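I have placed the structure first, in the form of structure tokens, so that the comments after it can refer back to it.
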Amino acid sequence: MAKEITSKSENYSQWYNDIVKKAGLAEHSAVRGCMVIKPYGFAIWEKMQSQLDSMFKATGHVNAYFPLFIPKSFLSKEADHVDGFATECAVVTHYRLKNGEEGQGLIVDPEARLEEELIVRPTSETIIWNTYRDWINSYRDLPVMINQWANVVRWEMRTRLFLRTAEFLWQEGHTAHATRQEAIDEAVQMQKVYADFAEEYMAMPVIKGIKTANERFAGAVDTYTIEALMQDGKALQAGTSHFLGQNFAKAFDVKYLNENNEEMHVWATSWGVSTRLIGGLIMTHSDDEGLVLPPKLAPIQVVIVPIPKPKEAIMTVANDIKARLESKGISVKIDDDSRKRPGFKFAEYEMKGVPVRLGIGMRDLEKDLVEVARRDTKEKNQVPLADIDSHIPQLLQDIQENLFQKAIQFRSDHSSKVDTWEDFIDALDNKGGFVSAHWDGTTETEIAIKNQSKATIRCIPQDEDNEKGSCILTGKPSARRVLFARAY
RNA sequence: CGGGGUGUAGCGCAGUCCGGUUAGCGCACCUGCUUUGGGAGCAGGGGGUCGGGAGUUCGAAUCUCUCCACCCCGACCA
């Protein structure tokens, strides 16, 4: 009725937008390309943040904060880096407004022009490495293992809620190391942290791989990625971890003295995930009834709906269940709004993706039963009141696992291995998903394939064998298969 | 930046082609009564610079010009 959403099959991107809006996650703001993240959407982000943050700390990182603004000259110090970001930067040129002539209203005061323009950070490598120069003198100062939670701005031509917004929230880790190997190990470690988070918490299976030269981060030597598959068959880059070599150390002159009193450039990494993960979460699990959330990231894990409406006998039981579940670390909401009818609430919490719903009515209570409904499969069961304590934690685990298994199944149903151009196009058009194929290793061929198929090389998988073959486009020798997909 | 579309109440829309009373409908909101195990019913009520500006006209949501914003599809990107 009031909250129907477009079906996935009818119009996938409309379905996606409907979910974001109707589940109360976010909405477009008055500013082009920028969104308002609403409380329920932000609650999901907070759960992601707190989990990731503890994983970062467990791997030896600490948090800090660097400025929003970057002097223009900083950005241009690393050549590849400028090329990558120059075309999408917001630039601050003035620091004051004033009242204009009659009828003009507020205008930018032309006398308040900045000596040097400031860039609103699209990423913070430059300002951070400029700072690290002063922090690092000796091998004893290394490694530096810092993360920051921040907002960044990239002036994208076309934006989509969570997936690509002009301003977005993320974390960016920036580490400095004495040796090349230590930095590589760090980059790989953080890629693993991201993969573990995606799979264990988001229930979103990912493939770990390395980006081709063409797809790698501007300024990186190697970009390690995790790639996920969405329900429309398109791939989503869910997180990246970069081995930066000595590029930024050289650009910003960051050197240390080693044990032998020799001056060396520092080795670097950077790594980040963003609010885009929320978009990935939505597109991995949700259905035509609305959002589906994995229990580990659901702001509300269990909702209790008194049926048909709150009354003392029901509320006593509901409060008791709530207290018992909360003591096990489960978040519970009792919807005691007596103005809304149960059917309305059922639909509402399905839209919001609450994993488990408990319905308690007098009819059930007479038999000491509670109705337990799970969001992922829509199953409903009568469970004895006395068993709730043990049943719910197990059920939440089952849901978490079921979502992950379903996503894995979907990915394997939508993955292909092909050896000819015809099969390649056929797989992309009819099956979507990841297509494993041979490629001759050149950027020219990669771009040609992209132009002809709209598919990009998502990654060179790290955990696959080195089967030799010939390129699907050029027929030239190929050292190994790579993973193609159409992507977000 | 190219193509398509939309701007009318908090939200979703009709009305615009072919100008004409007081601009309408659904949801939401307020009041009351009846309801209440899958999105309640009835009655009453409040809420509008019709995206902005200029023009044509006795008269403009409607026609003309112009500007703006947003959405969708592409190219670019996390």
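The figures that follow rest on heavy atoms only: side chains count, while hydrogens, waters and symmetry mates do not. Note that the structure is a prediction, hence the values are computed from the model and not measured.
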Side chain to side chain donor-acceptor pair (under 3.5 Å) evaluation trace for A/Thr131 with A/Trp129: CA-CA 5 Å; A/Thr131 309; A/Trp129 279 87; over 6 Å; no

Salt bridge (Lys or Arg N to Asp or Glu O under 4.0 Å) between A/Lys378 and A/Glu289, worked out: CA-CA 10 Å; A/Lys378 309 279 174 54; A/Glu289 268 65 53; 3.0 Å; yes

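Rounded to whole Å, the separation between the P atoms of B/rG20 and B/rC42 comes to 32 Å. Nucleotides B/rG45 and B/rC25 have their P atoms positioned 12 Å apart, rounded to a whole Å. When the C1' atom is used for both B/rG12 and B/rU22, the distance is 25 Å, rounded to whole Å. Atom name C1', nucleotides B/rU16 and B/rC63: the rounded distance is 10 Å, in whole Å. If you take atom C1' in B/rC50 and the same atom in B/rG15, they sit 10 Å apart, rounded to whole Å. Nucleotides B/rA9 and B/rU49 place their P atoms 8 Å apart, quoted to the nearest Å. Between the C1' atoms of B/rC17 and B/rA60, the separation comes to 15 Å (whole Å). Rounded to whole Å, the separation between the C1' atoms of B/rC71 and B/rG59 comes to 35 Å.
At a threshold of 4.0 angstrom between heavy atoms, the contacts of A/Phe217 with the nucleic acid are absent. No engagement by A/Leu236 is indicated, since no non-hydrogen atom pair under 4.0 Å with the nucleic acid exists. Among the atoms of the strands shown, none is found under 4.0 Å from any heavy atom of A/Glu27. Here A/Arg357 lies in heavy-atom contact (under 4.0 Å) with a base. Here A/Lys311 lies out of heavy-atom contact (under 4.0 Å) with every strand. Among the heavy atoms of the strands, none lies under 4.0 Å from A/Thr225.
When the nearest nucleotides of RNA chain B are assigned to A/Lys450 and A/Lys309 by heavy-atom distance, the more 5′-ward of the two goes with A/Lys309.
Of the candidates B/rG37, B/rC71, B/rG38, B/rG37 carries the atom nearest the A/Arg341 side chain, counting heavy atoms from C-beta on. For A/Met351, the listed nucleotide lying nearest its side chain is B/rG39; candidates were B/rU36, B/rC76, B/rG39. The side chain of A/Ser13 sits closest to B/rC72 out of B/rC72, B/rC76, B/rG38. For A/Pro308, counting side-chain heavy atoms from C-beta on, the closest listed nucleotide (B/rU36, B/rC76, B/rC71) is B/rU36. Checked against B/rG39, B/rC76, B/rG38, the side chain of A/Phe346 finds its nearest nucleotide in B/rG38. Among the nucleotides B/rC77, B/rC71, B/rG38, the one closest to the side chain of A/Glu156 is B/rC77. Out of B/rC77, B/rG39, B/rG37, the shortest distance to the side chain of A/Glu88 is found at B/rC77. Of the candidate nucleotides B/rC76, B/rG37, B/rG38, B/rG37 has the atom nearest to the side chain of A/Arg363.
Using Watson-Crick or G-U wobble geometry with both donor-acceptor distances under 3.5 Å, B/rG44 finds its partner in B/rC30. Pair assignment for B/rC70: B/rG5, on the basis of Watson-Crick or G-U wobble contacts that are both within less than 3.5 Å. Pair assignment for B/rG20 gives B/rC58, based on Watson-Crick or G-U wobble hydrogen-bonding distances that are each under 3.5 Å. Partner assigned to B/rA14 is none, using Watson-Crick or G-U wobble distances below 3.5 angstrom.
Aromatic rings of A/Tyr40 and A/Trp45 (six-membered ring for Trp) have centroids beyond the 6.0 Å cut-off, not under it. Residues A/Phe243 and A/Tyr224 keep their aromatic ring centres 6.0 Å or farther apart. Separation of the A/Phe217 and A/His81 ring centroids falls under the 6.0 Å cut-off.
In this structure, A/Tyr488 places its OH atom 17 Å from C1' of B/rA75, rounding to the nearest Å. Separating the NZ atom of A/Lys345 from the P atom of B/rG39 is a distance of 14 Å, rounded to the nearest angstrom. B/rC77 atom C1' lies 13 Å from atom NZ of A/Lys234, rounded to whole Å. The nearest whole Å value for the distance from the NZ atom in A/Lys340 to the C1' atom in B/rC27 is 13 Å. Atom CD1 in A/Ile307 sits about 9 Å away from atom C1' in B/rG38, given to the nearest Å.
A close approach under 4.0 Å does not occur between any side-chain nitrogen or oxygen of A/Lys22 and OP1 or OP2 of B/rG39. Between B/rC71 and A/Asn17, no contact under 4.0 Å exists linking OP1 or OP2 to a side-chain N or O.
The only member of A/Lys211, A/Arg216, A/His242 that meets side chain to side chain donor-acceptor pair (under 3.5 Å) when paired with A/Thr223 is A/His242.
Side-chain contact check for A/Tyr201 and A/Gln51: at least one donor-acceptor pair (N or O, by modelled atom type) lies under 3.5 Å.
A 4.5 Å side-chain heavy-atom check between A/Phe434 and A/Arg458 finds at least one atom pair inside the cut-off.
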